[in-house]
Amino acid sequence: MNILEKIDLQSTPEHIAIIMDGNGRWAQKQGHDRLFGHNFGVESVREVLKAAQKANVKYLTLYAFSTENWNRPKEEVDGLMDLLVRSLGNEIDELHESNVRIMTIGDMEGLPSFCQTELRAAYEKTKNNTGVNLILALNYSARWEMVNAIRKLAKKVEAGELAADAINETSVIEELTTKHIPDPELLIRTSGEHRVSNFLLWQIAYSEFHFTEVLWPDFKGEDLYKAILDYQSRERRFGLVSAQIEKNA
Ligand code: FPP
């Protein structure tokens with residue numbers, strides 16, 4: 001039986017977020033430099049996106065470049081920016097044809113202007129598409145996002161537009177970069193690391209985590225399906241007890 005057939009397509013996660021990790025180790029194991037691994041990582045992005053489309057996933061968020069990644073060697077940072085722009089340039093027509101909508105989260109203004117231009121073009125071209133939303137987290141960190149949200153709320157309070165006591169979860173969500181995006185039901189991290197690394201800290205409050213030893217360049221559609229099956233084998237209780245879940249089903 002094909003692994004996709006084992007998935008209950010009625011209850012696939014609507015949103016899957018992925019921390020793509022292990023490109024550097026994958027390359028170094030083969031005696032290459034780290035960028036070699038990032039290049040192969042793009043192929044995994046293609047395959048995982050295709051698999052997500054087949055599995056009814058509506059939002060796929062990929063942690064492509066964190067705020068902390070600026071501290072890597074300049075050569076690697078420049079290579080990653082080039083790779084992003086080159087990949088978008090190569091793939092944009094096919095992505096558009098397959099009805100994918102490209103979105104970004106993160107501090108876009110902190111990216112080199114040639115990246116911003118390419119990302120804006122991809123966003124504009126695909127903004128009316130209704131298939132999978134491919135969300136690239138770029139120059140993103142959850143603490144940056146939260147500080148930003150707090151600052152925006154404080155300004156509203158300062159301007160007398162909002163009472164401090166009226167701040168609730170909804171008003172916080174309104175100020176996050178993900179405000180139009182549902183929370184991920186499933187978070188995947190590759191390469192055997194069991195950390196969240198400043199990714200979507202608010203949004204993963206109730207997410208299921210799937211950790212795999214597979215390095216990102218080796219992570220393919222089948223691995224996404226395994227993660228979805230793992231997710232489907234769990235019971236999500238949101239703080240309730242099992243009996244309450246059964247009663248509400
Ligand atoms: C983590 O591996 C990977 C990254 C920081 C970059 C991910 C980028 C891509 C897959 C390519 C560009 C993406 C798109 C969306 C076109 P690592 O370098 O931290 O690996 P290591 O832990 O083995 O060192």
Side-chain angles (χ1 to χ4, degrees), residues 16-53 57 59-96 98 100-108 110-112 114-123 125-126 132-142 187-200 211-221 223-224:
I16 300 181
I18 308 184
I19 302 175
M20 309 180 287
D21 197 8
N23 292 349
R25 274 165 285 164
W26 185 88
Q28 278 160 351
K29 269 205 306 198
Q30 304 182 41
H32 292 285
D33 65 13
R34 301 172 53 81
L35 277 169
F36 184 81
H38 296 315
N39 271 295
F40 270 83
V42 174
E43 192 48 38
S44 298
V45 171
R46 279 171 64 87
E47 296 208 13
V48 166
L49 176 64
K50 282 192 186 149
Q53 286 169 317
V57 174
Y59 298 86
L60 183 67
T61 300
L62 304 177
Y63 205 2
F65 195 87
S66 74
T67 313
E68 290 79 16
N69 286 153
W70 293 112
N71 298 323
R72 293 191 172 195
K74 181 174 175 342
E75 193 184 89
E76 185 175 349
V77 171
D78 291 349
L80 273 167
M81 295 298 152
D82 274 348
L83 181 61
L84 173 75
V85 167
R86 217 173 342 113
S87 308
L88 269 179
N90 289 342
E91 307 288 337
I92 189 65
D93 289 338
E94 199 183 323
L95 289 168
H96 185 47
S98 56
V100 170
R101 183 165 85 159
I102 313 253
M103 295 160 80
T104 56
I105 54 171
D107 186 2
M108 290 306 112
L111 291 173
F114 73 100
C115 285
Q116 292 187 39
T117 309
E118 194 72 29
L119 288 164
R120 221 171 292 124
Y123 170 78
K125 189 175 175 107
T126 62
V132 177
N133 295 278
L134 176 63
I135 303 154
L136 303 176
L138 289 162
N139 197 17
Y140 175 88
S141 84
L187 173 77
I188 299 172
R189 183 169 189 149
T190 60
S191 89
E193 306 291 353
H194 297 182
R195 288 188 295 278
V196 177
S197 298
N198 214 348
F199 191 41
L200 301 174
F211 297 108
T212 169
E213 296 293 318
V214 177
L215 303 175
W216 180 251
D218 288 330
F219 192 95
K220 304 294 173 201
D223 300 288
L224 183 80

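Indexing begins at 1, ligand by ligand and atom by atom, following the structure's order.
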**Fill in**
A student checking ligand 1 against R25 at a 4.0 Å heavy-atom cut-off should list atoms 21 (P), 22 (O), 23 (O)
**Message:** If the cut-off is 4.0 Å to any non-hydrogen atom of L136, which atoms of ligand 1 fall inside it?
**Reply:** 15 (C)
**Item:** Aromatic centroids of W216 and F40 separated by under 6.0 Å
**Value:** no
**Asked** Considering distance alone, does some N or O of R34 sit under 3.5 Å from an N or O of ligand 1?
**Response** yes
**Message:** Within the 4.5 Å heavy-atom criterion, are N90 and V42 side-chain neighbours or not?
**Reply:** no
**Prompt:** If you measure from each non-hydrogen atom of L215 to ligand 1, which part falls under 4.0 Å: side chain, backbone, both or neither?
**Reply:** neither
**Asked** With only distance considered, is N23 within less than 3.5 Å of ligand 1 through an N or O on each side?
**Response** yes
**Asked** Has R72 got any heavy atom lying under 4.0 angstrom from an atom of ligand 1?
**Response** yes
**Request:** Please lay out, stage by stage, how V77 and F65 fare under the test side chain to side chain contact (heavy atoms under 4.5 Å, CB included).
**Result:** CA-CA 9 Å; V77 171; F65 195 87; 4.1 Å; yes
**Request:** Looking only at distances, please establish whether an N/O atom of ligand 1 is found under 3.5 Å from an N/O atom of G24.
**Result:** yes
**Asked** What about G22: any of its N or O atoms under 3.5 Å from an N or O on ligand 1?
**Response** yes
**Prompt:** Could an N or O of ligand 1 be found under 3.5 Å from any N or O of W216, whether backbone or side chain?
**Reply:** no
**Prompt:** For N69 and ligand 1, does the shortest N/O to N/O distance drop below 3.5 Å?
**Reply:** no
**Request:** Output the list of atoms in ligand 1 that are nearer than 4.0 Å to some heavy atom of V42, sorted by atom number.
**Result:** 11 (C)
**Message:** Below a 4.0 angstrom heavy-atom separation, can you tell me which part of E193, side chain or backbone, both or neither, approaches ligand 1?
**Reply:** neither
**Request:** State the atoms of ligand 1, each with its element, that fall below the 4.0 Å cut-off from a heavy-atom position in A64.
**Result:** 6 (C), 7 (C), 8 (C)
